[in-house]
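Note sheet for the following structure.
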Amino acid sequence: MPTARIFQRPKNAMQSGKYRTDRWQLEFEPAEAKQPDPLTGWAGSGDTRDQIRLFFPTQEAAIAHCERQGWGYSVVATPTKTLKLQAYADNFR
């Protein structure tokens, strides 16, 4: 039985926008460890579930999908967003 991880994507650190951070994402836990390919040296495995990412509008929809399919799941809590308020004058203190 596959185990899924349900989480909300964090904001991209390189941009100020919050595009697609309201959606919930479902990814499967890896079934086997990745090993280097002897010819190319790239890391890979025979686990094709690593390529699957499902998106849901709410956390409840993602949980309902897992329960309907009979998958185990774990929900990763969304980190709290804190604002660092500072004034331009603080650069000169």
Would you find a donor on one side and an acceptor on the other, under 3.5 Å apart, between the side chain of E32 and the backbone of G46? yes

According to salt bridge (charged side-chain N to carboxylate O under 4.0 Å, His left out), does anything in residues 1-25 pair up with another residue at least two apart or in another chain? List the pairs. R5-E27

Can you measure from CD1 (I6) to CD (Q59) and round to the nearest 0.5 angstrom? 7.0 Å

Partners of D50 by side-chain hydrogen bond (donor to acceptor under 3.5 Å, both in side chains), sequence neighbours excluded? K34

Atom of A33, atom of S45 and distance for their closest heavy-atom approach: O-CB, 3.8 Å

Apply side-chain contact (heavy atoms from CB on, under 4.5 Å) to T40 and list each qualifying residue two or more places apart in sequence or on a separate chain. D37, W42

Atom of D47, atom of A31 and distance for their closest heavy-atom approach: OD2-N, 3.0 Å

Do F7 and I52 sit in one hydrophobic cluster, given that two such residues count as connected whenever their side-chain heavy atoms are within less than 4.5 Å of each other, even indirectly? no

So ring-ring contact (aromatic ring centres under 6.0 Å, His included) across residues 66-93, not counting sequence neighbours, yields F28-W71, H65-W71, Y88-F92

Can you run down the salt bridge (charged side-chain N to carboxylate O under 4.0 Å, His left out) pairs that involve residues 55-75, sequence neighbours left out, and say none if there aren't any? none

dist T58:OG1 -> F56:CZ (nearest 0.5 Å) comes out at 9.0 Å

Taking only residues two or more places apart in sequence, or in another chain, which ones meet T78 in a side-chain hydrogen bond (donor to acceptor under 3.5 Å, both in side chains)? Q8

